[in-house]
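Following: one structure in structure tokens, then a few remarks.
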Amino acid sequence: MKQKVVAIVGPTAVGKTSLSVEIAKRFNGEIISGDSMQIYKGMDIGTAKVTEEEKEGIPHYMIDIKEPYESFSVAEFQSLIQQYIQVIAGKDRLPIIAGGTGLYIQAALYDYNFAEKERDETYQKKIEQEIEEYGMENVFKRLKSVDPEQADKIHPNNRRRVIRALEVYDRTGMTMSEYHEQQMGDSGYEPIIIGLEMDRKELYKRINQRVDLMIDSGLIDEVRSLYNRGIKDAQAMKAIGYKELIPYIEGTMSLEACVEVLKRNSRRYAKRQYTWFKNKMDVHWFPISVEQKDENFRIILDDLAGKL
């Protein structure tokens, strides 16, 4: 029999963290963060990292395992999550993945093949030469035109990832997302994927409120501390909640303008999360609202009881 794994997905600010804890308490589970940014130490407020109080004594994994200047790949994420699933299952407990990074969760749950084609050194040298002649900005613009989805995930100065995304497109005719899709196989687990969806107006209101709370809780100091460590161009600093505040720290935009950009980007990210999960994974969706949260959770827990 395949190991059952519960995954809780959905947009930012919808209530995944609190539901994961309730499921863990009821079904003797332990929680693995499925968020690709909560792995970083010192990035607590902007990633809405679960607090010790919110954990309610439930063990959590995949949090604070990397320094913010370190890179992190989907393949590494897949390997670590699968290790933690074994650890939790070995204790006769239920593995629960909570988080909203679609590709990462998909890669962890399914037999995603990362044995990609060998890189073409000739192609890489060609693009490197383009960068020297025309500048990184022009090469990144080309990536944006052929694969805007991937360009949105890559820092414009990340040469390695920009070149790789262009190489995949030029050699296969597919975007990086389409290429990844082809690598997907069957799951080695029995995944039970719970999706939380909220009325769009209510969700956007919660997102805006969460951003305001983050600012009040010291997000600016958190971003400034990371910026002062000289890691402005690190992969971690591309995360929503961090990149938007850098112009304020550098004195090129007002705090009010930066916060509005952060709210807008957070809402757009929530929309992309919905699109990803609805199009790419077999998710059992449940409505959730602030006023009826307890009742919503009861329905989910009762439904889950019939599958475990």
Side-chain angles (χ1 to χ4, degrees), residues 1-10 14-39 49-50 54-66 72-116 180-197 273 276-286 288 296-308:
M1 287 179 64
K2 290 182 178 180
Q3 171 64 46
K4 290 182 178 178
V5 179
V6 173
I8 304 159
V9 303
V14 79
K16 299 183 294 293
T17 298
S18 53
L19 176 60
S20 67
V21 170
E22 291 304 313
I23 291 173
K25 288 194 297 185
R26 178 156 170 183
F27 299 106
N28 190 32
E30 296 187 357
I31 298 167
I32 306 168
S33 170
D35 188 295
S36 63
M37 289 298 161
Q38 291 190 1
I39 61 166
K49 197 174 287 178
V50 62
E54 288 169 338
K55 288 178 184 176
E56 295 191 40
I58 303 296
H60 280 64
Y61 304 87
M62 292 288 284
I63 294 173
D64 293 338
I65 62 171
K66 287 272 186 180
F72 193 64
S73 69
V74 187
E76 190 176 354
F77 186 92
Q78 178 194 53
S79 174
L80 285 171
I81 279 204
Q82 290 177 351
Q83 286 176 42
Y84 286 128
I85 288 173
Q86 283 188 318
V87 168
I88 295 167
K91 294 190 277 186
D92 201 25
R93 294 194 166 189
L94 175 68
I96 303 161
I97 302 173
T101 309
L103 175 62
Y104 283 67
I105 294 176
Q106 193 177 33
L109 289 175
Y110 294 87
D111 189 17
Y112 194 112
N113 176 20
F114 285 100
E116 297 177 343
H180 282 157
E181 189 101 353
Q182 280 205 348
Q183 314 306 309
M184 205 65 66
D186 292 329
S187 179
Y189 309 107
E190 186 181 329
I192 302 165
I193 307 174
I194 296 167
L196 301 182
E197 58 183 343
Q273 286 175 303
W276 175 280
F277 289 118
K278 294 206 171 189
N279 290 342
K280 297 182 185 290
M281 296 180 76
D282 182 17
V283 179
H284 187 181
W285 292 97
F286 291 89
I288 191 163
N296 297 148
F297 278 14
R298 186 193 64 75
I299 291 169
I300 294 168
L301 290 167
D302 288 351
D303 181 82
L304 190 54
K307 298 174 180 174
L308 294 174

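Here Ser79 pairs with Gln83 under the side-chain hydrogen bond (donor to acceptor under 3.5 Å, both in side chains) rule; sequence neighbours left out. Not a single side-chain hydrogen bond (donor to acceptor under 3.5 Å, both in side chains) links Glu190 to another residue, sequence neighbours left out. Legend: residues meeting side-chain contact (heavy atoms from CB on, under 4.5 Å) with Asp92, ordered by chain and number and at least two apart, are absent. Residues passing the side-chain hydrogen bond (donor to acceptor under 3.5 Å, both in side chains) test with Tyr61 are Glu30, Lys91, sequence neighbours excluded.
Using a 4.5 Å heavy-atom cutoff, the side chains of Ile58 and Ile96 are not in contact. The shortest side-chain heavy-atom distance between Pro95 and Tyr189 does not fall under the 4.5 Å cut-off. Between Ile194 and Phe286, the closest side-chain pair of non-hydrogen atoms falls below 4.5 Å.
Note on residues 74-86: pairs passing salt bridge (charged side-chain N to carboxylate O under 4.0 Å, His left out), not counting sequence neighbours, are Lys66-Glu76.
Evaluated for a side chain to side chain contact (heavy atoms under 4.5 Å, CB included) with Leu196, the options Ile300, Asn296, Val283 yield exactly one hit, Ile300.
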Check the pair Arg26, Asp302 against side-chain contact (heavy atoms from CB on, under 4.5 Å), reporting the backbone distance first and the verdict last.
CA-CA 10 Å; Arg26 178 156 170 183; Asp302 288 351; 3.3 Å; yes

Steps toward side-chain contact (heavy atoms from CB on, under 4.5 Å) verdict (Ile31, Val50):
CA-CA 11 Å; Ile31 298 167; Val50 62; over 6 Å; no

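Asp35 and Lys49 are not joined by a salt bridge, as no carboxylate oxygen comes within less than 4.0 angstrom of a charged side-chain nitrogen.
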For residues 2-10, please give each side-chain donor-acceptor pair under 3.5 Å, one per line with the distance, not counting sequence neighbours.
{"residue": "Lys2", "atom": "NZ", "partner": "Ser187", "partner atom": "O", "Å": "2.8"}
{"residue": "Lys4", "atom": "NZ", "partner": "Lys307", "partner atom": "O", "Å": "2.6"}

